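Notes to accompany the following structure.
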2 protein chains.
Amino acid sequence: MRERAIGRLTLYRRTLRELDEKMTHIFSHQLAKMVGVSAAQLRRDLMPIGYEGSPNRGYEVAGLLASLSQHLDGPGSHTVALIGVGNLGRALLPYFTARNPHLRVIAAFDTDPQKIDRIICGCRVYALERLEEVIAAEEIKVAILAVPRDTAIDCAQRAAGAGVTGLLNFAPIPLEVPRQVFVENVDLTMALEKVNHFAQRTVEVREADHTTTD
Amino acid sequence: MRERAIGRLTLYRRTLRELDEKMTHIFSHQLAKMVGVSAAQLRRDLMPIGYEGSPNRGYEVAGLLASLSQHLDGPGSHTVALIGVGNLGRALLPYFTARNPHLRVIAAFDTDPQKIDRIICGCRVYALERLEEVIAAEEIKVAILAVPRDTAIDCAQRAAGAGVTGLLNFAPIPLEVPRQVFVENVDLTMALEKVNHFAQRTVEVREADHTTTD
DNA sequence: GTTAAATTGTGAATCTTGTAACGCAGTTCA
DNA sequence: TGAACTGCGTTACAAGATTCACAATTTAAC
């Protein structure tokens, strides 16, 4: 399925989870508004998962939820490793732990001896040398990469070699991994600079508007 | 200009900044590889900014850098506000401060009395009530929204009302702001779940491969 | 049982994004 | 000098995503 759509499916699921006890049915336009997409897009996204709503009653919340989860989660483990426990890593740990009980971060890795063997948010920090060992033993398939840029490529390759098939990469550098490994890049600096660009442009537009209407 | 392309322009600039002292010229395919895009796409992205490279010598690093910055940064202030100094906010502050000297986070806001008036990473934390006042006084145009979901919409509206025209939103909820305000949503939970989905799928594919080749 | 209202699922159209191809201009080397 | 490279800028094309529009369908009301 198309990548963007999968991302939105997770949003639908998250929203539905909160609705689950409040209502039994929901219309596409209602759910769409809560998530911030158009109703047409939501319906199109749902098409491939095969769950059908009924006209005049919409989707059954529980049923759609189950159907979404079945499609989103595979048969695998749903455990995650965090590589790099720096500033960002230490923030991501409680962030994900608090939000998603289904996806547990069960192992972290760092080179700092101060951090090794400590337990943060219920997650043990291992020495980076033990990356392959622990990932293989726990059969972890997903890793969050929050290491400095210079070590990112190496860490990614080692993780992939140990069996990881999905990477959430915060390092601003293209990773080099086998094609079957899925990589999602999150570049926060890029995002902020992009916002800045359009924010500045809006200032110009506003000023232009001002002068023309003046 | 197209939104995706602007994001890539920031990547080109960032990479060029590091190259600036190492080499005077660079070819499109070299820079493209460092950033992780195709050479054709890079050249295409550069088209609208009007900077011309020369065949057989490529682009002049310093010149392209200047041209990029001129197009990316507007005439405005280049200052940023951080709204919400929780786990994520406290991590983002040093993250952005360390990485981008051009884009300075100069004000943070929170409701926690413990944090108010403290200075973190050279950035003062104000009471949330003073949001409008400080943003207007400092003429801040860009804000990072790292508050709990329930307060995000309200904070966004207040920021927009005070003159902010660009928002980097980490709250997993659609904001309601005037159309001219640019919003970039970063949903970390969605990103991780997306990675998980494709990681699990890869496991299936691998197993399928295994059985067929077996 | 029939009608009316509302919503779904989906084909077609539109818009956006990425890729490939190609002419052109410098540069090098004979 | 000119012939052959090499890489740039641009245009044309393909792929992908989003929106539009509407027939089909279900329920509620009468």
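Every chain is numbered from 1 and lettered A, B, ... according to where its sequence line falls, protein lines coming before strand lines. Bear in mind the structure is a predicted one, so any value in this text is a computation, not a measurement.
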Within this structure, what is the [atom1]-to-[atom2] distance between [X] and [N], rounded to whole angstrom?
X: R43(A); N: dT7(C); atom1: CZ; atom2: P; result: 10 Å
X: Y51(A); N: dT8(C); atom1: OH; atom2: P; result: 12 Å
X: D45(B); N: dT19(C); atom1: CG; atom2: C1'; result: 12 Å
X: M47(A); N: dT8(C); atom1: CE; atom2: C1'; result: 11 Å
X: I26(A); N: dT7(C); atom1: CD1; atom2: P; result: 12 Å
X: Q41(B); N: dT16(C); atom1: CD; atom2: P; result: 17 Å
X: L9(B); N: dG18(C); atom1: CG; atom2: P; result: 12 Å

Side chain proximity check, [X] to [Y], heavy atoms < 4.5 angstrom:
X: V164(B); Y: V142(B); answer: no
X: F198(B); Y: E3(A); answer: yes
X: N196(A); Y: D73(B); answer: yes
X: L16(A); Y: I26(A); answer: yes

Please enumerate all residues that pass side chain to side chain contact (heavy atoms under 4.5 Å, CB included) together with D187(B), with sequence neighbours excluded.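 Checked D187(B) against side chain to side chain contact (heavy atoms under 4.5 Å, CB included); matches are L11(A), R14(A), P172(B), T189(B), M190(B).
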Side-chain donor-acceptor distances from residues 61-71 of chain B under 3.5 Å, at least two apart:
residue : atom : partner : partner atom : Å
S69(B)  : OG   : R13(B)  : NH1          : 3.1
S69(B)  : OG   : L65(B)  : O            : 3.4

Sequence neighbours excluded - side chain to side chain donor-acceptor pair (under 3.5 Å) pairs with any residue from residues 79-91 of chain B: S77(B)-T79(B)
Please list all pairs passing the side chain to side chain donor-acceptor pair (under 3.5 Å) test where one or both residues lie in residues 23-33 of chain B, with sequence neighbours left out.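 Listed by first then second residue: S28(B)-R43(B).
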Shortest non-hydrogen pair, A91(B) vs A91(A), comes out as CB-CB, 3.2 Å
Quick one: which residue pairs count as a ring pair (Phe, Tyr, Trp, His ring centres under 6.0 Å) with a foot in [range], not counting sequence neighbours?
range: residues 139-159 of chain B; value: none
range: residues 38-60 of chain A; value: none
range: residues 77-111 of chain A; value: F109(A)-Y126(A)

Taking D110(B) for its side chain and V85(B) for its backbone only, find out whether a donor-acceptor pair lies under 3.5 Å. yes
Specify the residues of residues 27-40 of chain A, ordered by number, for which at least one heavy atom lies under 4.0 angstrom from an atom of DNA chain C.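 Those residues are F27(A), S28(A), H29(A).
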So what is the end-to-end bend of the helix from dG1(C)-dC30(D) to dA30(C)-dT1(D), with 5 pairs used at each end and the value given to 10 degrees?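 Roughly 10° between the end axes, to the nearest 10°.
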With a 4.0 angstrom cut-off to heavy atoms of chain B, pull out the first and last contacting nucleotide of DNA chain D, in 5'-to-3' order.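 Footprint of chain B along DNA chain D, 5' to 3': dT6(D) to dA12(D).
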Checking only heavy atoms, does the side chain of R8(B) share a donor-acceptor pair with the base of dG18(C) at less than 3.5 Å?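 Such a pair does not exist between side chain and base.
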Taking only nitrogen or oxygen atoms into account, show me every contact under 3.5 Å that the protein makes with nucleotides 25-27 of chain C, one pair per line with its distance.
residue : atom : partner : partner atom : Å
dT27(C) : OP1  : R57(B)  : NH2          : 2.4
dT27(C) : O4'  : N56(B)  : ND2          : 3.1

Determine all donor-acceptor pairs shorter than 3.5 Å in which one atom belongs to a side chain in residues 147-163 of chain B; sequence neighbours excluded.
residue : atom : partner : partner atom : Å
R149(B) : NH1  : E18(A)  : OE1          : 2.9
R149(B) : NH1  : E18(A)  : OE2          : 3.4
R149(B) : NH2  : E18(A)  : OE1          : 3.2
T151(B) : OG1  : P148(B) : O            : 3.1
Q157(B) : NE2  : E176(B) : O            : 3.4
R158(B) : NE   : E132(B) : OE2          : 2.8
R158(B) : NH2  : L128(B) : O            : 2.9
R158(B) : NH2  : E132(B) : OE1          : 3.1

For dG9(C), does OP1 or OP2 lie under 4.0 Å from any side-chain N or O of Y59(A)? yes
